[in-house]
Amino acid sequence: MVWVSVTIAAVVVVLIVGAMIGIALTVGWRLTHPPRKPITMQPETFQIAHYETVLFPSRDQQILLSGWYIRAEENGVNSNGHTLIFAHGYGQNRLEPHLPALSLASRLLAEGYDIFMFDFRNAGMSEGTVTTVGLYEQRDLLGAVDYVSQRFPRQQIALIGFSMGAAVSLLAAASDQRIQAVVADSPFSSLWDYLQENLPHWTGLPRFPFNMIILTLVPLLLRANPRQVQPYLAAQKLAPRPLLLIHGLADETVPYQNSCRLIEAADNPHAQLWLVPGAGHVRSYAANPGEYSERVITFLQQSLRGRAGLRNRGAGKQEPPFSQ
């Protein structure tokens, strides 16, 4: 009888552990395979009459990405010689509907900036089936930089990213000197630290034991280690290139302390932090589009003026986005 009881207990334990692993893997799979959101808005809605739909490869050449290239001159505005590449957030697409991105793009276009909006892998109209929250997305953003540099070699390049896209912008800029300035709206400072603290917010599961199971098994299955996504380390490599961090004080998805950590890590006299009272996650533009646009435009004007020589000297200095 004792042997039977021990056997039954062991079977129950195995079943419970198996069930927890199964739940964790299912949830982890869903997080790395978020459903695609359709492209439901077009530039014409925001008085952008001329744009080009483009396809270009990610830096690893294995995935084809889709986007819009919007030229200032084709829209009746004198070009200022700068291209702004937009980088959207997790589970979104080029539209970044919380802004929406096309509204901000229209304002920046009026100032003479070319705009490049695209979908990361596994988003919008781009290829790919897995979202890695900043790891492989670096290759996508660097592919966009390559596209602009090859097609418009005289253009200076700056990045403006949102949430995951903000973190990816920091990572990409750290590895590619062609990127002259970064605007990062609502970034996380370390993906590993963020997930350790906030994963239950996304999974709906208790922190113990599911955090440990998900963060151990899912990276192994996808060969995508969140420990490699460290924007705060990237921020240390940006100086003297300018950085504008924007974060809502009411952000409950990625708390504003993440940007505070980034500005401290940057240790850069050309880095700025704007904390927006009452704004939630990637809601600072929606809360005050006029002030947001003015701050971004002023930052870009001050940052990009006279940096063409620096761009030319650093054009060949590129580092791999991460090592496996």
Side-chain angles (χ1 to χ4, degrees), residues 24 27-28 31-32 34 87-92 120 130-142 159-176 179 182-203 205 207-208 210-220 222-239 241 243-268 271-275 280-282 319-324:
V27 171
L31 289 175
T32 53
H88 66 77
Y90 168 83
Q92 303 297 337
F120 281 118
V130 178
T131 298
T132 62
V133 199
L135 185 61
Y136 296 137
E137 286 77 11
Q138 294 172 63
R139 298 175 175 177
D140 301 343
L141 186 48
L142 290 171
L159 308 179
I160 179 164
F162 311 94
S163 191
M164 178 191 78
V168 175
S169 295
L170 291 167
L171 295 161
S175 68
D176 197 320
I179 298 166
V182 175
V183 178
D185 185 335
S186 310
F188 53 80
S189 60
S190 163
L191 181 57
W192 179 259
D193 293 345
Y194 175 78
L195 292 175
Q196 290 277 22
E197 182 65 27
N198 296 282
L199 192 57
H201 169 81
W202 297 95
T203 65
L205 298 172
R207 189 180 309 276
F208 180 84
F210 291 101
N211 269 24
M212 179 183 66
I213 298 173
I214 292 173
L215 293 178
T216 299
L217 296 183
V218 174
L220 290 175
L222 297 180
R223 299 181 63 187
N225 188 349
R227 292 180 185 271
Q228 293 177 295
V229 184
Q230 304 273 28
Y232 79 94
L233 294 178
Q236 297 173 3
K237 300 179 181 180
L238 290 186
R241 287 173 292 164
L243 166 65
L244 173 60
L245 293 159
I246 302 171
H247 221 120
L249 288 172
D251 191 338
E252 297 182 354
T253 303
V254 181
Y256 74 90
Q257 287 86 354
N258 282 266
S259 281
C260 293
R261 184 183 183 192
L262 285 166
I263 195 77
E264 182 179 356
D267 191 24
N268 182 348
Q272 307 173 32
L273 171 60
W274 177 32
L275 297 175
H281 188 59
V282 195
E319 299 174 5
F322 58 88
S323 57
Q324 292 183 325

**OP:** Would you check if Leu170 and Phe188 make a side-chain contact, meaning some heavy-atom pair closer than 4.5 Å?
**Re:** no
Original post:
Is the side chain of Asn198 donor-acceptor paired with the backbone N or O of Tyr194 at a distance under 3.5 Å, no angle test?
Top reply: yes
Subject >> Non-hydrogen atoms of Val282 and Ser186 that approach each other most closely >> reply: N-OG, 3.3 Å
Subject >> By side-chain contact (heavy atoms from CB on, under 4.5 Å) - contacts of Asp267 (at least two apart) >> reply: none
Subject >> For the student: nearest non-hydrogen atoms of Glu137 and Phe120, plus distance >> reply: O-CE2, 3.5 Å
**OP:** Sequence neighbours left out, what passes side-chain contact (heavy atoms from CB on, under 4.5 Å) with Ile263? Give chain and number order.
**Re:** Leu245, Ala271, Leu273
**OP:** Of all the heavy-atom pairs spanning Ser190 and Gln230, show the shortest one and how long it is.
**Re:** OG-OE1, 2.8 Å
Subject >> Expected output: side-chain Tyr90 to main-chain Thr131 donor-acceptor under 3.5 Å >> reply: no
Subject >> Backbone N/O of Gln228 and side chain of Asn225: donor-acceptor pair under 3.5 Å >> reply: no
Original post:
Which pair of non-hydrogen atoms, one from Leu191 and one from Thr132, has the smallest distance, and what is that distance?
Top reply: CD2-O, 4.2 Å
Original post:
Can you list the residues that meet the side-chain contact (heavy atoms from CB on, under 4.5 Å) rule with Gln92, with sequence neighbours excluded?
Top reply: Lys37, His88, Glu96, Pro97, His98
Original post:
Looking at Pro187 and Leu262, what are the two nearest heavy atoms and their distance?
Top reply: CG-CD1, 3.5 Å
Original post:
Taking Arg207 for the side chain and Gln196 for the main chain, is one N or O donor matched with an acceptor at less than 3.5 Å?
Top reply: yes
Subject >> Which residues share a side-chain contact (heavy atoms from CB on, under 4.5 Å) with Pro219, sequence neighbours left out >> reply: Pro226
Subject >> Those residues that, when tested against Asp185, pass salt bridge (charged side-chain N to carboxylate O under 4.0 Å, His left out) (two or more places apart) >> reply: none
**OP:** Ignoring hydrogens and angles, tell me if any N or O in the side chain of His281 forms a donor-acceptor pair with the backbone of Ser163 under 3.5 Å.
**Re:** no
Original post:
Going by the salt bridge (charged side-chain N to carboxylate O under 4.0 Å, His left out) test, which pairs reach into residues 189-199, not counting sequence neighbours?
Top reply: Asp193-Arg261
Original post:
For atom CD of Glu264, is the number of surrounding heavy atoms from other residues, nucleotides or ligands below 6.0 Å larger than 12?
Top reply: no
Subject >> Under 3.5 Å donor-acceptor, Ser175 side chain and Ala172 backbone >> reply: yes
